[in-house]
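Just so it is clear: chains get the letters A, B, ... in the order the sequence lines come, proteins before strands, and each one is counted from 1.
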Amino acid sequence: MLDKAYNPQPTESRIYKMWEENRAFEPKDNPAEKPFCIILPPPNANGYLHLGHAMYVIEDILVRWHRMQGHPTLWMPGTDHAGIETQVVYERKLEEEGRSRFDLGPDKFYDEVMRFTRANQKNMINQMRSMGFSADWSKIKFTLDEDIIDIVYDTFIALDRDGMVYRGNRVCNWCPRCQTSFADIEIKYQEESAFMYTLDYGSVRIGTTRPETIFADTAVAVNPDDKRYKTLVGKKAIVPLIQKIIPIIADNHVDPKIGTGALKVTPAHDFHDYEIGMRHKLPNPSVIDKEGRMINVPDELSGLVTSEARTKTVDLLDKAGVLITKEPLQHSVAHCERCGTVIEPIPTDQWYVKVDKLKQRSKEALEKGDIRIIPERFTKQCIDWLDQMYDWNVSRQIWWGIRMPVYYPLESKSGKKEYLIAKTEKEAKDYYGEKNYRVETDTFDTWFSSSQWPHATLATNGMLDQFYPTSVMETGRDILFKWVARMIMLGLYTMNDVPFRTVYLHGLVRDEKGQKMSKSKGNVINPLEMTSVFGTDALRMALTIGVTSGNDGSLSTEKVEGYRNFINKLWNASRFVLMQCEEHKVVPANVAEDDFELLSLADKALFHELLDVRVFVTQGLEQYRLSEVGERLYDFIWDYFCDWYLELSKGESNPELLVFAVREILVLLHPYCPFVTEELWSHVKQKEFGMLIQQPWPAFVDSGCANEHTELEVVIAVIKAIRKIRAEQGVAPDKKVQVIVVPGKHASVLKPQQDHIMRLSRSDVLEFTKKPSGDVASLFLPDGIEVHVSMEGLVDLEGLKKEQTQLKSYVDSLGKKLSNEQFTSRAPAAVIEQERQKLAEAEGKLKKIEERLSTS
RNA sequence: GGACAGCUAGCUCAGUUGGUUAGAGCGCCUCGCUUACACCGAGGAGGUCACAGGUUCGAAUCCUGUGCUGUCCACCA
């Protein structure tokens, strides 16, 4: 016999081991069925599993469901080296140890991070397994696997061959701490207080927030239509302190309303100024080096970091009498997303991928609906983002990543190409000569490799033909642009087809107050703590129910606890069923699928409800309504199966049907709660059945018991009414009561259920009559049903009076509605008929209540 | 500046295409160890669906506007 309470820990590890030993997660060939494939968003192998990863439970639900439907199903797992993020994490670790990556050098650093990553990887995989994830771990890939790198190289080489790769010296986002460039999307802006300085440039006054960059000014620009400055265009201005003479030019970019309307142009340290510089063929001398320190400036400033240089320059300007005003201002400043350092725009050599064609095709795919994004609204966002995307800087000057397959000649005048993009070093040797080349040290942007993940993982497993395009990409809303959009671009480019048909986006998991979880707030919920206390199934339910696609959800210990209670309820219901079997000498393993007979009203009603749930769950999952489906299962199991059917069955046990019902419940709930269902399955399954994870998903059939289902509801209503009267009248629980039921239209339904009604309402005597007699407390139900409980002494009529008031206003509003000609002439006949019936019902009930009230 | 989302019971949230007197969980109140389950059972209280207009016979649901909260993008001399 089962334990009195479900104990998840020992069960979960045992069950998971069984699945793995039986290779239950590997796709089964079935040419007749459509394949289903999800690529797991590879977690960054630099930390621990958090709730963001735990949300992949959505994928597990879909995967398990499709597997049960007989589709060849693959959930492809992997981990990401996560370039800069991991590098920064590891550098912090080094810092704590009093070391730095520069003590190690690139090679040693790489090796150490590789060891660190491998260890984390193992960890993460085990943590995902403890979540019950049924990914095919035998196929797991890492973004730094050699065969994956090969594919990344192939793509880069192909892009180059197609003329879509170029190297350029342009202003880029540079992080002085990370010592690398970043793409625009990896920059975070923060509001900061600063000053707007107005400076005297001789003939003109300019406004700036960055006075330290004046030494790199190569022009002053004004708007061509700005009347104030019209005569100045073509004349000269003087950069203060260094007395450098620069031209005054006209450019449309300048907004006359900002500052003084005259803009100092610093092509080396500002993106827009760089563009202006290009248009006007201005030089772009740099005064900030890659460390973020001043160079090529007056001696007293040289070597200072920009913030210090700013203060000092302002001092100097002030002393020189050229600082005209200094006004506070709020503006947003670019920071490194990873380490928070202020980003310096400086000119550097970088590799770019031209995105025009890539984004065009991606947009078309989205517009045509080749890819469906759930929720829908993100489709437009994605298209808009693609629209404004600039060429993609794919090179990073970090050590942890995939080295770019590029080679340069040692001597630039060799007459050979300035660079060679080649898959192997041998090609470089052959081309430039044995010792006449050097190897590129830049690595690829992490997103460049991870954007090839769907086809790269499938190709390296030899499953491209079977599973590309994949079915669903389920991931966090926050990486729609960074990752999803780019997967679409590169997927279409390399495979000539979209990487996935459907994108399902989930939001952030917030705390019980709807606040973002963060270490500093101390409100972080660790998924593994939750699973060890409440069980994995409970956490899975908590993460799925009450959370909708694209929106943030909130999680609390109480919520998980609630679902733990639910799991335990299911456990005990099953335990009860097994006890019934024992009592009636029924061996669950011997019960065949059609071994049960529908004997009673309750049996038929249950059978109908079971099929109804089956349809709801199947259709709901088809429509990705995971929350509603989970809720329906919860309600059905607790409020219907346990509260009503099991209670009724205590009066007329039908153990074979109970076994059937529990099996059906376990099958339907399995995608959500794989562990407890699999465990219970082993107790109720038929001999020849295999594991639950491999059970076929049930098909739809007509129950033919819809009437009985409705009839049982009438019985339930009567039981509830008696209970309510007892509670309202303060009848002691152990006190016997005499009940009189006027069955109205439902005599034939209610009379045979007399025993059930009496038992579940704890009534002693139950009579069916046309009219009550004596002192009674009453409730009036639809279809003329009246429930009366004999009372000795005073009857509390407050409840009835309250109901009378409510009914009166209800009858009023219905009456108004029905006497409104607009309504009766325009509303559909069915609706009018419905309202009429409601009114008749309510009026009948009201009349009875009033009669009852008048007799006391 | 542009776009998007949210505003529904004390709290956290559901509510598919407009049509019963708007739902759940938790919390709260009253009872209760009745042949699985106190991780439980029975009953109950609690909402002008942010606000203002509009469309409609009918609006939480559609439209317009306002407010607050949040997210993303762009700008920031």
- [ ] For nucleotides 6-20 of chain B, just jot down a letter per nucleotide in 5' to 3' order: B, S or -, based on protein non-hydrogen atoms under 4.0 Å.
- [x] ------SSSSB--BS
Open item on the list: Within the 4.0 Å limit for protein heavy atoms, which parts of nucleotides 43-49 of chain B are touched? Write it as a string from 5' to 3', B for base, S for sugar-phosphate only, - for none.
Closed with: SSS----
Task: From CA spacing to verdict: side chain to side chain donor-acceptor pair (under 3.5 Å), Ser193(A), Gln330(A) - done: CA-CA 5 Å; Ser193(A) 305; Gln330(A) 287 290 116; 2.7 Å; yes
What residues form a side-chain contact (heavy atoms from CB on, under 4.5 Å) with [X], not counting sequence neighbours?
| X | result |
| --- | --- |
| Ala194(A) | Leu329(A), His331(A) |
| Ser813(A) | Tyr810(A) |
| Glu558(A) | Ser556(A) |
| Glu582(A) | Met1(A) |

Rounded to whole Å, how long is the line connecting atom [atom1] of [X] with atom [atom2] of [N]?
| X | N | atom1 | atom2 | answer |
| --- | --- | --- | --- | --- |
| Glu337(A) | C73(B) | CD | P | 9 Å |
| Asp273(A) | C75(B) | CG | C1' | 14 Å |
| Glu841(A) | U21(B) | CD | P | 13 Å |
| Ile479(A) | C73(B) | CD1 | P | 14 Å |
| Lys735(A) | G32(B) | NZ | C1' | 17 Å |
| Leu814(A) | G58(B) | CG | P | 15 Å |

Task: Nearest atoms (heavy-atom pairs only) where Val659(A) meets Cys581(A) - done: CG2-SG, 3.5 Å
Going by the rule side-chain hydrogen bond (donor to acceptor under 3.5 Å, both in side chains), which residues pair with [X] if we only count those two or more places apart in sequence or in a different chain?
| X | value |
| --- | --- |
| Thr198(A) | Thr325(A) |
| Ser549(A) | none |
| Arg575(A) | Asn572(A) |

Hey, is the side chain of [X] poking within less than 4.0 Å of OP1 or OP2 on [N], counting only N and O atoms?
| X | N | result |
| --- | --- | --- |
| His253(A) | A77(B) | no |
| Trp638(A) | C39(B) | no |
| Ser825(A) | C57(B) | no |

Task: Which nucleotides of RNA chain B pair, in dot-bracket form (Watson-Crick or G-U under 3.5 Å, | meaning another strand) - done: (((((((..((((.....[...)))).(((((.......))))).....(((((..]....))))))))))))....
Open item on the list: I want to check something: taking the side chain as every heavy atom from C-beta on, are Trp385(A) and Ile185(A) in contact at a cut-off of under 4.5 Å?
Closed with: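 They are in side-chain contact.
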Task: Among C26(B), A74(B), C75(B), the nucleotide that comes nearest once only the side chain of His272(A) is considered - done: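 The nucleotide sitting nearest to the side chain is C75(B).
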Which atom pairs, one a donor and one an acceptor, fall under 3.5 Å between side chains of residues 727-735 of chain A and the rest of the protein, sequence neighbours left out?
residue, atom, partner, partner atom, Å
Gln729(A), OE1, Asp796(A), N, 2.7
Gln729(A), NE2, Asp796(A), O, 2.9

Open item on the list: Distance criterion of 3.5 Å, no angle test: do you see the side chain of Thr824(A) paired donor-to-acceptor with the base of C57(B)?
Closed with: no
Output a table of nitrogen or oxygen pairs between the protein and nucleotides 35-38 of chain B separated by less than 3.5 Å.
residue, atom, partner, partner atom, Å
A36(B), O3', Arg575(A), NH1, 3.2
A36(B), O2', Asn572(A), OD1, 2.5
A36(B), O2', Arg575(A), NH1, 2.4
A36(B), N7, Lys650(A), NZ, 3.2
A36(B), N6, Glu647(A), OE2, 2.9
A36(B), N3, Asn572(A), O, 3.2
A36(B), N3, Ala573(A), N, 3.4
C37(B), O4', Asn572(A), OD1, 2.9
C37(B), O4', Asn572(A), ND2, 3.4
C37(B), O2', Asn568(A), OD1, 3.4
C37(B), O2, Lys569(A), NZ, 2.8
C37(B), N3, Lys569(A), NZ, 2.9

